[in-house]
Amino acid sequence: MRNLLPLISSHPGGRSSLTCRFRCGDACFKETPNTSDNEYAGDIIARAVSRRSMMRAAAVVTVAAAAGTAALTGPNAPQAEAVALAGHGHEPPYKPAPSGARGLRFSPVAPNKNDKVTIPDGYSQNVVIRWGEPILRGAPAFNPDKQSAKAQAGQFGYNNDFLSLLPLRGERGRQVLVANHEYTDEILMFRGYDPANPTREQVEIAWAAHGLSVVVVQEEHRTGKLGPVSRHPLNRRLTATSEFRVTGPAAGSDLLRTSADRTGSRVLGTLNNCAGGTTPWGTTLHGEENFNQYFANGNTAEHKRYGIGTGATERKWERFDRRFDLAKEPNEANRFGWVVELDPYDPDSTPRKRTALGRFKHEAAQPRLTSDGRPVVYMGDDEKFDYLYKFVSSKRMKKGTSRAAREHNLTLLDEGTLYVAKLTGDSPAAEIDGTGKLPTDGEFDGSGVWIPLATGTTSHVPGMTADEVYVYTRLAGDKVGATKMDRPEDVEPSPRTGRVYVALTNNSDRGKEGKAGADEANPRNANKHGQILELAENWDDPAGDGFAWRLFLVAGDPNDPATYFSGFPKESVSPISCPDNVAFDDHGNLWISTDGNQLGSHDGLFGVATHGDRRGELKQFLTVPTGAETCGPVIQDRRVLVAVQHPGEVDGASVEKPASIWPDGPGKIVRPSVVAVWRKDGRDIGV
């Protein structure tokens, strides 16, 4: 039996204070924006009738329909698990296989503090593209001492996060890489940076380093190595000063109008793009997350609910553009916090901010299609005690790549219904004691409902107009009593089973005086390590208004009794802390990247089986360098891509005193980069 791994940081989530300053504006140290008096799930649980006992009293299908819970009966659901999430018994007994779950047959990487990307034996890697590499025609080679805003606007941006890798027809061995650039850390970008007095040049470079990159990449023959095709016609940069369209039911609202845009339909820039999604119709979605930190002098209750401060900002952008000063432009912040849709195949298109999907700190947005072809988008609001959402489109996707089909599909996310989730547990409240101890029924599980917030121009929230619901979605969730969660981040539906997986990263405030205590969906007070929730829509209908849920994984050291891996033997799993971005492989395994590991190791990428007799088997595939976070995983048959974000972001570090020498060695500036990993023998990953 191993000893519990030591903690390496008292900072929330294990992040350095430098990361908290520049990434989210020290959100963990400020008052929690959600001060609503919503019922906590624990209060609801205390009054709930045990759903499990009802199911023992009658046939599963009949009682599931009566209780509003879901039996997994879709054609892709394994028979052994068909009713597990509806509360009928436990997982199939563990039957060891000598080579592990298909897709996860590699030797797990041990926890470590290596200043490099550490990968399994038998695998190779390369840096695909670094911050500052030229991708547009005319852009110069990267020179950190001679950088300019014009140069950066033609180069790969900073702090890559979400990644999407799309096919490129007619160009052998090439694909289209789309990347988010979440935020800038000026201390690690500029020599002699003075946080109290940034220069206009530094600010304009930072504006150009935010946003999105589209770059065609070329595969090297006989390996998994990828490299950028500079100056390809599809290559593109979107920055904090590029033009974006506002679409959907709130477009043109008085709440979105400013002195520079009287129409409320045109916005300059996209900010703090975290995770995202790839649509079945070939576009990419990008979530604007911690946008609040860029705006100074907030002065309304709505500003406060979104975490906007009352004074100056860290980066001082308000000194150089009045739109970042809410005392002068009170509506400018309302134009951020949306899901952005980009057509990477049309370099002349204007990206669109989709108001029908609501405004909050979007971590991600990944669609799933209903049986009749309507997209459903699942979304998390990455804040302590905030909510889980979904959007159901009223339009069906058209198949094909014709111009008519593409134009139609670019309207799919403008019409539909926005919902927020309310969860109920099925165990007595006394059994949820805040330690993470499993209740007597052997699972953290229950049922839930999707509460409608707005459909088109119709509000379903008393006292709020539809425009107010879309622009102040958090307030709408407060009013209808949505369940407060432990930082819902990436949310992904499984292509294999349709189940939805929600990464809940951590919540250091859970159980503190005046804050929500533990409940069945968030079972640990002072939650350092997070959990992953598994959700099944009733009758496998993503457009429905009810679901069943259970915790698939409760993260932490496997030797800690407060951890849980779907019943898989804990001595056979890797330790994991703070799940963040997630993705699926073709075998149905869930791949999890972490942010803020509190178990004495660098952050990493993990694969875990979600079905079969090895469900819950979790293995670490890689770790990232000192100070870095693992982002944007893309899992292909023969290649894994990760975005190595903010390497070297350690307290006290600077350009002059780097904490990391990755990726280019001593004497070189630390650069966020994208990395590809593949098997040396050319075979599929993990088989």
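- Considering only residues two or more places apart in sequence or on other chains, R130 meets the salt bridge (Lys or Arg N to Asp or Glu O under 4.0 Å) condition with E133, D664.
- Using cut-offs of 30° and 60° on the angle between ring planes, the pair H286 and F162 is perpendicular.
- P633 meets the side-chain contact (heavy atoms from CB on, under 4.5 Å) test with N581, A583, S593, L605, I635; sequence neighbours excluded.
- Residues that satisfy the ring pair (Phe, Tyr, Trp, His ring centres under 6.0 Å) test with Y123, not counting sequence neighbours, are F621.
- Contact check on E489 versus R487 returns a salt bridge, with a Lys/Arg side-chain nitrogen under 4.0 Å from an Asp/Glu carboxylate oxygen.
- Between W450 and F547, the gap from one ring centroid to the other is short of 6.0 Å.
- For D586, there are no side chain to side chain donor-acceptor pair (under 3.5 Å) partners, not counting sequence neighbours.
- Residues that satisfy the salt bridge (Lys or Arg N to Asp or Glu O under 4.0 Å) test with K390, not counting sequence neighbours, are E537.
- Listed by chain and number, the residues in a side-chain contact (heavy atoms from CB on, under 4.5 Å) with R638 are D684 (sequence neighbours excluded).
- We find that D372 and R374 are joined by a salt bridge, their nearest charged nitrogen and carboxylate oxygen being less than 4.0 Å apart.
- Under the side-chain contact (heavy atoms from CB on, under 4.5 Å) criterion, A609 pairs with A101, L104, N589, sequence neighbours left out.
- The side chain to side chain donor-acceptor pair (under 3.5 Å) test applied to E341 returns W281, T283, R354, not counting sequence neighbours.
- Under the rule for a side-chain contact (heavy atoms from CB on, under 4.5 Å), the partners of A562 that lie at least two apart in sequence or sit in another chain are R524, D560.
- The side chain to side chain donor-acceptor pair (under 3.5 Å) check on E431 picks up T440, with sequence neighbours excluded.
- Among residues two or more places apart in sequence or in another chain, the side chain to side chain donor-acceptor pair (under 3.5 Å) test is passed with Y501 by E534.
- Just one of H646, H181, E629 meets the side-chain contact (heavy atoms from CB on, under 4.5 Å) condition when paired with N159; it is H646.
- Residues D386 and K361 are not paired through a salt bridge, judged by the lack of any N-O separation under 4.0 Å between the basic side chain and the carboxylate.
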* V674/L641 under side-chain contact (heavy atoms from CB on, under 4.5 Å): CA gap, chis, key distance, verdict -> CA-CA 7 Å; V674 177; L641 259 69; 4.1 Å; yes
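- For E492, there are no salt bridge (Lys or Arg N to Asp or Glu O under 4.0 Å) partners at least two apart in sequence or on another chain.
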